[in-house]
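The figures here come from the full heavy-atom set of this structure, side chains too, leaving out hydrogens, waters and symmetry mates. To find a chain, count down the sequence lines: A is the first, B the second, and so on, and within it residues start at 1. Everything numeric here is computed off the predicted structure, so don't read it as measured data.
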Amino acid sequence: EVQLVESGGGLVQPGGSLRLSCEASGFIFSSNWLSWVRQAPGKGLEWVADIKEDGSEKYYVDSVKGRFTISRDNAKNSLYLQMNSLRAEDTAVYYCARRRPTYYLDYWGQGTLVTVSS
Amino acid sequence: QTVVTQEPSFSVSPGGTVTLTCGLSSGSVSTSYYPSWYQQTPGQAPRTLIYNTNTRSSGVPDRFSGSILGNKAALTITGAQADDESDYYCVLYMGSGIYVFGAGTKVTVL
């Protein structure tokens, strides 16, 4: 059974940093692209970032470029999102998801809430 | 900035049919955008319904179907049931590693 479990969310002040983790199981982690998707309270879904199987390619939505970094550790079956210079508008539930070769997400974690507030 | 458009809301009667669409603020949606659809109920993670325009994800009932209608991607629910009451999101692949979600459609079954 495929499982994705996010952790690391919490309350952080504007300008602060946070590192999210996503631990995966039930599939060959190193053979899959992975994604982060977020959802602000009461709002829709927003794709945030993607990372290739070996970490050699990374893509970001414009609003987080230069502030967020997606990474992975295939030895630990873990995906990460380092978030710096956080803003109030980054407040959201952050989901990790497995991305398939034809550009869709087939498995999702349950999400971790990040709140940016003073 | 490309915007993916969806109807804000739809209401459908139990047993009825509803078609949600997914368009572009500029241009037409084709299979080259690899449209996919996701269902989400409050407090839950999204669930994948349709990918590659018209392929149902594992375990998705066949009352859900995807297509291209005119210049938009479409999700049709045929024979709506009470537990289809959810938010539905489409996402399009824009190329160069970039995806854009639509704002979602809230479907009410009553």
Side-chain angles (χ1 to χ4, degrees), chain A residues 1-7 9 22 24 26-27 32-65 68 70 92-113, chain B residues 1-9 20 22-23 29-60 64 66 73 75 86-107:
Chain A
E1 179 193 7
V2 172
Q3 285 197 328
L4 297 163
V5 180
E6 303 93 337
S7 61
C22 172
F27 65 99
N32 286 270
W33 284 73
L34 298 162
S35 303
W36 287 100
V37 175
R38 67 184 178 183
Q39 186 169 35
K43 302 296 185 182
L45 299 168
E46 180 183 38
W47 171 78
V48 174
D50 260 20
I51 186 167
K52 193 177 178 180
E53 297 98 326
D54 62 359
S56 62
E57 293 182 34
K58 304 175 184 181
Y59 301 95
Y60 301 91
V61 67
D62 283 348
S63 59
V64 308
K65 281 181 183 175
F68 289 13
I70 188 172
V93 173
Y94 284 74
Y95 297 99
C96 68
R98 186 175 78 165
R99 205 213 81 181
R100 304 307 288 154
T102 49
Y103 310 111
Y104 70 100
L105 306 171
D106 64 346
Y107 287 97
W108 299 69
Q110 283 303 304
T112 186
L113 175 62
Chain B
Q1 174 98 12
T2 300
V3 175
V4 175
T5 61
Q6 293 187 250
E7 299 86 358
S9 63
L20 317 181
C22 176
V29 176
S30 67
T31 57
S32 299
Y33 286 88
Y34 299 91
S36 54
W37 293 88
Y38 304 85
Q39 177 191 49
Q40 188 183 35
T41 52
Q44 298 297 312
R47 170 197 182 196
T48 307
L49 293 178
I50 300 286
Y51 60 93
N52 293 355
T53 305
N54 57 13
T55 303
R56 268 187 301 276
S57 190
S58 177
V60 173
F64 293 93
L75 173 71
S86 301
D87 294 324
Y88 292 84
Y89 295 92
C90 72
V91 63
L92 302 178
Y93 178 63
M94 299 300 183
S96 302
I98 304 300
Y99 300 78
V100 180
F101 278 88
T105 298
K106 184 177 183 63
V107 171

> Quick one: what part of B:S58 sits under 4.5 Å from any heavy atom of chain A, side chain, backbone, both or neither?
Replying inline: neither
>> Could you check whether any side-chain N or O of B:S96 sits under 3.5 Å from a backbone N or O of B:I98, counting only pairs where one atom can act as donor and the other as acceptor?
In response: no
>> Just to be sure I understand the criterion: a residue of residues 42-51 of chain B counts if one of its heavy atoms is under 4.5 Å from a heavy atom of chain A. Which ones qualify?
In response: B:Q44, B:A45, B:P46, B:T48, B:Y51
> By a 4.5 Å heavy-atom criterion (distance strictly below it), what part of A:R99 contacts chain B: side chain, backbone, both, or neither?
Replying inline: side chain
> Considering only heavy atoms from C-beta outward, does the side chain of B:V4 approach that of B:M94 to under 4.5 Å?
Replying inline: yes
> What do the steps show when you test B:C90 against B:L75 for side-chain contact (heavy atoms from CB on, under 4.5 Å), and what is the final call?
Replying inline: CA-CA 9 Å; B:C90 72; B:L75 173 71; over 6 Å; no
>> Sub-4.5 Å heavy-atom contacts with chain B: which residues of residues 40-48 of chain A show up?
In response: A:K43, A:G44, A:L45, A:E46, A:W47
> So, for B:T31 and B:P35, which heavy atoms are closest and what is the spacing to 0.1 Å?
Replying inline: O-CD, 4.1 Å
>> So, taking the atom named CG in A:L34 and the one named CD in A:E53, what distance separates them when rounded to the nearest 0.5 Å?
In response: 9.0 Å
> Under the side-chain hydrogen bond (donor to acceptor under 3.5 Å, both in side chains) test, which residues partner A:Q39, sequence neighbours left out?
Replying inline: B:Q40, B:Y89
> Below 4.5 Å, heavy atoms only, C-beta onward: do A:S7 and A:T112 meet side chain to side chain?
Replying inline: no
> With side chains defined as the heavy atoms from C-beta onward, is the minimum distance between A:W36 and A:E6 less than 4.5 Å?
Replying inline: yes
>> Go through it in stages, so that I can follow the logic: the residues are B:W37 and B:C22, the test is side-chain contact (heavy atoms from CB on, under 4.5 Å), and I'd like the CA-CA distance, side-chain angles, deciding distance and then a yes or no.
In response: CA-CA 9 Å; B:W37 293 88; B:C22 176; 3.7 Å; yes
> Where on B:Y93 is there a heavy atom nearer than 4.5 Å to chain A: the side chain, the backbone, both, or neither?
Replying inline: side chain
> So which of B:Y38, B:F101, B:Y34, B:Y99 has the biggest tally of heavy-atom pairs under 4.5 Å with chain A?
Replying inline: B:Y99
> What distance separates A:W33 CH2 from A:R98 CZ, expressed to the nearest 0.5 Å?
Replying inline: 15.0 Å
> Any residues in residues 102-111 of chain A near chain B, with a heavy-atom distance under 4.5 Å, and which are they?
Replying inline: A:T102, A:Y103, A:Y104, A:L105, A:D106, A:W108, A:G109, A:Q110
>> Check whether B:E7 reaches the backbone of B:T105 with its side chain - one donor and one acceptor, N or O, closer than 3.5 Å.
In response: no
>> If you define the side chain from C-beta out and look only at heavy atoms, does anything of A:F27 sit under 4.5 Å from A:L4?
In response: yes
> About how many Å separate OH of A:Y60 and CG of A:D50, when rounded to the nearest 0.5 Å?
Replying inline: 10.0 Å
> Taking all non-hydrogen atoms of both residues, which atom of B:V91 and which atom of B:S36 are closest, and how far apart?
Replying inline: CG1-OG, 2.8 Å
>> Quick check on A:V93 against chain B: is it the side chain, the backbone, both or neither that has a heavy atom closer than 4.5 Å?
In response: neither
>> Please classify the contact of B:Y33 with chain A as side chain, backbone, both or neither, using a heavy-atom distance under 4.5 Å.
In response: neither
